[in-house]
Every structure is written in C-alpha cells, then in structure tokens.
Amino acid sequence: MKVGRDIRITPSKIKKVGKYRITVKGIGNFTGALKYTVTVRPKNPKGVTLAKRGKKTFRVKWKKVPGATGYSVEYWSDKKGKYISKNRKKKRFFDVPVNPDFTGTVVVYSYKKVNGKKIKSTGKYYYNGVKPTVKPRFGLRTEGRSFIVKMKRDGYYEMWTATNKKFTKDFKPLTFYRSKNGEFTIYGASSGEFYRYIKIRHYVPTKGKTLYGPWSKIRRAYWY
C-alpha cells in the first residue's frame, strides 16, 4: 500500500510540534477512511554532559533545543520512593542529588507548550558514572521448579546462582533490568536439584567500563 497511489493522508505535511487529527482515505480499489490522532514531539536535548560535584550532587548540562519552551530532568529518589521531575525554562543545567545506592541514571527531556499543554520529547537516559555503594535488597520465593526475585528498587543488576556458596558448581551468571518491585523469574531447576545459592549486585553501564556495587547477602532458594 502506497501513499498517493492507494491511500491519501490529510493533512499531508505536519512539521510543527503539536497534536493533530489526520484522516487516511482509500483511493481506487481501496475504500473507506480512518481517523487518527498523532503527536509531533520536540527533539531531545543534545550535548548532554554529567559531572560529579562533590559527594552529594552531580551536574547535568545540555545544549539549547530550538523552539523548546523548557526542559525536564527526571531522576530516582530513594527517600520518596519515586521518580522526581524538575523543570527548567531558561537554565540548561540541573544539580541532581546522589542517593546512597543511586544507579547513576537520569532522563533529560525538552518540552513545548501548545495550547497551554506541555508536549515532551521522547527523553533519553544518561549515566553519570557514580559507582553504586549499597547492597541491593530483594524478595525471594519459589514456584514449582522456578524461583522468583523481586527487587526493592529499580536499576541494572547482575545475579550469580550456583549449587554451592563459592559459586563454582553449576555456576550461572546473568544480568537484567527491573523497575521498583519488579519481578524476575529463573526457570527450570535441574532434576534432583533442591536448592540454589543466589547473590545480586547493582551495576551502572557507562562509556568505556561498567561500574559494580557490592554483592548482596548470599541467599538460598529451596524446592520441595
């Protein structure tokens, strides 16, 4: 199906940031019409840099986005247990507080006000290179021949599992990302296997190297 030959879209050209109602109508052998609402978003900020400022904050800076009304910086707050969003109209920097187990990620958006409502860009994650310092906390339960890990906060994790505490027998490493209270399931315990040892640590993917936090307490999942 080709635009102009089989279907006609009106309006045909949409460039400005905003929400638009478009109509897709059939041509020739193609009949009928459908209506959609589409959103044209502003561009994400470019030239984003992150630099640590002392022990408690790091500064996020970015370049101007032509036509943007302002900008938003989003980061995780362990104290409040949620993402915090801070707006900036003219200033193109923000000092983000570093949490004790901060995973080193922020999201930077641009936005434009259209008819009194904000339309945000898609946003992009950035890593500031702060090494995690706190052992991750997680819930653990078994279901059948599988075990389920439930993380207490969002972030990137590395998990080791094995059948001995030294993690040398039937060793299985893996990495995953989970949001706060998100669950991760490990399937398929071997026949005759009754337990596995588990330990987990935070990690931060940065340019050039990966930063790892300390390992959690070793726990054991049982099957019956």
Test item: side-chain donor near acceptor, [X] and [Y], under 3.5 Å:
X    : Y    : result
T122 : N44  : yes
T163 : D170 : no
R41  : S121 : no
R220 : Y197 : yes

Between [X] and [Y], is there a shared hydrophobic cluster once you connect ILVMFWY residues whose side-chain heavy atoms come closer than 4.5 Å?
X    : Y   : result
I119 : V40 : no
F93  : V73 : no
V114 : Y36 : no

Over all heavy atoms of both residues, which pair between [X] and [Y] is shortest? Give the atoms and the distance, please.
X    : Y    : answer
P45  : V65  : CA-CG2, 3.6 Å
V149 : I200 : CG1-CD1, 3.7 Å
P136 : R201 : CG-CA, 3.8 Å
G67  : K112 : O-CD, 3.3 Å
M159 : I198 : CG-CG2, 4.0 Å
S110 : K43  : OG-O, 2.5 Å

Name the orientation class of the two ring planes belonging to F171 and W160 (parallel below 30°, tilted from 30 to 60°, perpendicular beyond 60°). perpendicular
With heavy-atom distances below 4.5 Å as the criterion, would you say the side chains of [X] and [Y] are in contact?
X   : Y    : result
I7  : I27  : no
Y20 : T37  : no
T10 : I22  : no
Y75 : V107 : no

Working to the nearest 0.5 Å, report the span between [atom1] of [X] and [atom2] of [Y].
X    : Y    : atom1 : atom2 : value
Y157 : L174 : OH    : CG    : 13.5 Å
T49  : F58  : OG1   : CZ    : 11.0 Å
I14  : K19  : CD1   : NZ    : 13.5 Å
E143 : I148 : CD    : CD1   : 3.5 Å
F94  : R59  : CZ    : CZ    : 10.5 Å
F147 : R196 : CZ    : CZ    : 7.0 Å

Establish, for the pair [X] and [Y], whether the NZ or CZ atom is under 6.0 angstrom from the six-membered ring centre and no further than 45 degrees off its axis.
X    : Y    : result
K120 : Y109 : yes
R88  : Y71  : no
K118 : Y111 : yes
R219 : F138 : yes

Quick one, V60 with V108, criterion side-chain contact (heavy atoms from CB on, under 4.5 Å). Give me CA distance, side-chain angles, the key distance, then yes/no. CA-CA 9 Å; V60 186; V108 184; 3.9 Å; yes
Any donor-acceptor N/O pair, T69 side chain to K113 backbone, under 3.5 Å: yes
T57 side chain to D95 main-chain N or O, any donor-acceptor pair under 3.5 Å? no
Quick one: list whatever passes salt bridge (Lys or Arg N to Asp or Glu O under 4.0 Å) with D6, sequence neighbours left out. none
Sorted by chain and number, sequence neighbours left out, salt bridge (Lys or Arg N to Asp or Glu O under 4.0 Å) with R92 holds for none
Taking the ring centre of each residue, are Y212 and H202 less than 6.0 Å apart? no
With side-chain contact (heavy atoms from CB on, under 4.5 Å) as the criterion, how do R141 and E183 come out once you've worked through the C-alpha distance, each side chain's angles and the decisive distance to 0.1 Å? CA-CA 11 Å; R141 73 179 192 272; E183 294 185 338; 2.9 Å; yes
Tell me, with the steps shown, if Y156 and T175 meet side-chain contact (heavy atoms from CB on, under 4.5 Å). CA-CA 7 Å; Y156 291 91; T175 57; over 6 Å; no
Does K199 pair with E158 as a salt bridge, N-O distance under 4.0 Å? no
Check the pair I9, V3 against side-chain contact (heavy atoms from CB on, under 4.5 Å), reporting the backbone distance first and the verdict last. CA-CA 7 Å; I9 300 175; V3 177; 4.0 Å; yes
